[in-house]
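In the text below, chain A, chain B and the rest are named by the order of the sequence lines, each starting its count at 1. Predicted model, so just to flag it, every value in this text is computed and none were measured.
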There are 2 protein chains.
Amino acid sequence: MLTRNVLRNRTEDLTEEERSVLESAVERTQTFAAGQTVVHQQRAVDTSTVLVQGLMTRHVHTDDGRRHLVAVQVPGDFVDLHAYVLKQLDHDLGALTDVRVALVPHAALDAIQARHPQLAKRLWFLTLLDAAMHRQWVMRLASLSALQRVAHFLCEMNAKLLAIGESDGERFALPMTQTDIGEVCGLTNVHVSRVLRQLREMGLCSWRAAQVVVHDPVRLAATGLFTPDYLYLNRATALRVAGHTGEAHGR
Amino acid sequence: MLTRNVLRNRTEDLTEEERSVLESAVERTQTFAAGQTVVHQQRAVDTSTVLVQGLMTRHVHTDDGRRHLVAVQVPGDFVDLHAYVLKQLDHDLGALTDVRVALVPHAALDAIQARHPQLAKRLWFLTLLDAAMHRQWVMRLASLSALQRVAHFLCEMNAKLLAIGESDGERFALPMTQTDIGEVCGLTNVHVSRVLRQLREMGLCSWRAAQVVVHDPVRLAATGLFTPDYLYLNRATALRVAGHTGEAHGR
DNA sequence: CGTGAATTTGAGAGCCATCAATCTAAGTGG
DNA sequence: CCACTTAGATTGATGGCTCTCAAATTCACG
């Protein structure tokens with residue numbers, strides 16, 4: 001099922017009927033190779049994209065040619081749903097790995113908007129999750145040190161992948177280069193390398209062959225000042241994340 | 001009319017009927033004094049807030065007590081509309097000046113969602129504008145220098161205030177302290193002071209008594225790598241902003 | 001005119017960028 | 001199977017941007 005991971009383990013799940021409506025809104029699927037740009041900024045679009053498999057980036061370019069990521073998308077993310085409403089993107093969509101996506105024509109979304117207000121509200125929710133993550137990224141860049149930023153990002157990816165069953169809470173695949181991490185955290189690849197070494201030497205986590213192993217989830221979260229509230233996970237999943245971040249008894 | 005500035009001068013305006021539906025969704029108005037916290041993070045909410053007059057902040061707290069802004073709201077902004085969908089806020093809402101707000105119960109929004117799908121989509125649009133601005137803030141923090149960040153922020157406020165008729169493109173009120181600016185740009189108040197002096201000495205803009213005067217809009221925008229696309233202004237307003245940023249002939 | 005908040009200025013330190021070289025790993029072709 | 005290539009990771013040295021701490025000054029306001 002292509003939309004299996006959409007809203008999976010968030011505060012409120014889709015009903016079976018809603019999920020089947022969404023599933024039938026998919027027109028077709030498509031694959032892209034790692035490194036390809038899937039949608040270009042400013043291109044008028046009439047279709048939105050659900051990420052089915054692989055990782056994607058949303059990134060902007062500065063005038064001097066540098067790139068910066070504003071989001072890393074995982075399977076189940078409706079990566080450019082906001083383009084349905086905004087009519088154009090203010091950033092690029094890229095494939096971080098080989099990816100498989102499901103394409104949903106905006107006409108089908110119009111029908112949902114007109115006939116399934118509750119589902120439409122769930123889609124709205126999806127785009128607001130994005131916004132909540134953006135806010136956390138703003139906080140991360142504005143108030144955290146390099147070490148904290150990287151720790152925070154790793155915790156975030158761990159939690160998001162946990163929600164879709166692609167992390168067990170202590171080990172997950174993260175096929176990004178250190179330059180990519182730098183573009184997430186506003187750091188150079190050189191400094192990312194130093195920070196990762198420091199995290200390793202602190203016994204918090206290690207990173208080899210695109211595999212992250214979190215040795216001390218609690219201290220890693222504490223280092224990155226990470227709390228998963230902004231991901232709006234359901235209770236059970238939040239507790240699983242919290243169990244790995246030392247907040248099992250809080251809230 | 002309380003909702004006069006909502007979506008004013010954005011790409012697609014509200015129809016008269018839509019605006020009157022929205023207007024009648026307002027339950028009552030309320031005022032807050034400068035410095036007050038209007039809504040606390042994590043508080044469950046059943047009402048959303050349209051800013052009618054004054055400026056508000058959306059800010060998060062870090063564990064060590066520091067504060068950081070994730071948005072500055074101007075009249076016409078539906079400042080916590082996302083709480084209608086998310087059910088709780090992941091940040092605080094504060095009054096930067098004395099403010100007047102209109103309160104819209106979520107029950108009224110439910111009715112709009114169910115019976116006015118087009119208006120619901122326009123509300124969705126509003127929350128996506130927020131997200132687009134968040135992305136720009138991420139870019140600003142990650143890739144710009146202190147000087148560029150402040151210049152970018154000033155251009156953004158100028159454009160937003162222009163859209164609601166509170167700036168003429170070269171002069172506008174900005175009742176924030178330099179500490180506030182620092183919390184927007186991820187800088188200390190000390191460094192903000194130095195940057196403002198530099199902008200003044202470069203002849204780009206000056207800042208006295210909470211009044212910003214932009215002496216050279218084109219170079220200020222160039223300095224901050226500012227382009228107003230992400231504000232999704234309508235053509236006429238975009239041209240007015242562009243006329244002040246040297247892009248009148250582009251696009 | 002006094003008081004506190006906000007701004008300005010200075011000196012020193014630290015974090016991270018930059019530049020550059022080395023090293024590793026994975027692929028490619030002979 | 002090995003030289004060659006290339007992308008990515010690592011390490012070192014240096015410098016600059018911004019923070020921190022501290023004091024002086026200006027401003028807003030009662």
Colleague: Rounded to whole angstrom units, what separation is found between the CD1 atom of B:Ile181 and the C1' atom of C:dT7?
Modeller: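 Distance, rounded to whole Å: 13 Å.
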Colleague: Starting at the 5' end of DNA chain C and moving along, which residue's nearest nucleotide shows up first, A:Arg208 or A:Thr188?
Modeller: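 The residue closer to the strand's 5' end, by nearest nucleotide, is A:Thr188.
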Colleague: Mapping B:Val192 and A:Ala146 onto DNA chain C by nearest heavy atom, which one lands closer to the 5' end?
Modeller: B:Val192
Colleague: Within the 4.0 Å heavy-atom criterion, would you say A:Val190 contacts the bases, only the backbone, or no part of the nucleic acid?
Modeller: base
Colleague: Scan residues 132-143 of chain A for pairs that pass salt bridge (Lys or Arg N to Asp or Glu O under 4.0 Å), counting only residues two or more places apart or in two chains.
Modeller: A:Arg135-B:Asp90, A:Arg140-A:Glu156
Colleague: Check A:Leu69 against B:Val138 and note the closest heavy-atom contact, atom names and distance.
Modeller: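 For A:Leu69 and B:Val138, the tightest heavy-atom pair comes out as O-CG1, 4.1 Å.
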Colleague: Would you classify B:Gly182 as touching base, sugar-phosphate or nothing, given that sugar-phosphate means primed atoms plus P, OP1 and OP2, and contacts are heavy atoms under 4.0 Å?
Modeller: nothing
Colleague: How many Å lie between CG on B:Leu144 and P on D:dT18, as a whole number?
Modeller: 11 Å
Colleague: For a quick check of understanding: with a heavy-atom distance under 4.0 Å over all strands, which category does B:Leu187 fall into, base, sugar-phosphate or nothing?
Modeller: sugar-phosphate
Colleague: So if I take every side-chain heavy atom of B:Arg194 and compare against C:dA17, C:dA11, D:dT18, which nucleotide ends up nearest?
Modeller: C:dA11
Colleague: To the nearest angstrom, how far is B:Arg149 atom CZ from D:dC19 atom C1'?
Modeller: 12 Å
Colleague: Side-chain N or O of A:Ser193 versus OP1/OP2 of D:dA9: is the shortest distance under 4.0 Å?
Modeller: no
Colleague: Pick from B:Val74, B:Leu162, B:Val184: which one makes a side-chain contact (heavy atoms from CB on, under 4.5 Å) with B:Met157?
Modeller: B:Val74
Colleague: Output the rounded distance in Å from CD (A:Glu183) to C1' (C:dA17).
Modeller: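 In whole Å, C:dA17 C1' and A:Glu183 CD are 15 Å from each other.
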Colleague: In whole Å, I'd like the distance from the NE2 atom of A:His68 to the C1' atom of C:dA17.
Modeller: 15 Å
Colleague: Under 4.0 Å between a side-chain nitrogen and a carboxylate oxygen: does that hold for B:Arg67 and B:Asp92?
Modeller: no
Colleague: Does any donor atom in the side chain of B:Thr177 or B:Asp180 lie under 3.5 Å from an acceptor atom in the other side chain?
Modeller: yes
Colleague: Within the structure, does a side-chain N or O atom of A:Arg197 lie under 4.0 Å from either OP1 or OP2 of D:dT11?
Modeller: yes
Colleague: For A:Leu196 and B:Arg66, find the nucleotide of DNA chain D closest to each by heavy atoms; which residue's nucleotide sits nearer the 5' end?
Modeller: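 In this pair, the answer is A:Leu196.
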Colleague: Taking the side chain of A:Gln178 as its heavy atoms from C-beta onward, which of C:dT7, C:dA20, D:dA9 lies nearest to it?
Modeller: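 Ranking C:dT7, C:dA20, D:dA9 by closest atom to the A:Gln178 side chain puts D:dA9 first.
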Colleague: Which nucleotide sits closest to the side chain of B:Asn189: D:dT18, C:dA17, C:dT7?
Modeller: C:dT7
Colleague: Which whole-number value in Å describes the distance from A:Trp207 CH2 to D:dG8 C1'?
Modeller: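 Roughly 12 Å, once rounded to whole Å.
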Colleague: In this structure, how many angstroms lie between the C1' atom of D:dC17 and the CD atom of B:Gln198, rounded?
Modeller: 11 Å
Colleague: At less than 4.0 Å, is any side-chain N or O atom of B:Thr177 found next to OP1 or OP2 of C:dA6? Yes or no.
Modeller: no
Colleague: When the ring centroid of A:His91 is compared with that of A:His82, is the distance short of 6.0 Å?
Modeller: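 Ring centres of A:His82 and A:His91 closer than 6.0 Å.
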Colleague: Write down the distance between CG (B:Asp180) and P (C:dA5), rounded to a whole number of angstrom.
Modeller: 15 Å
Colleague: Side chain of A:His191 only, heavy atoms from C-beta on: which candidate in D:dG12, D:dT18, C:dC16 is closest?
Modeller: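 Comparing D:dG12, D:dT18, C:dC16 against the side chain of A:His191, the answer is C:dC16.
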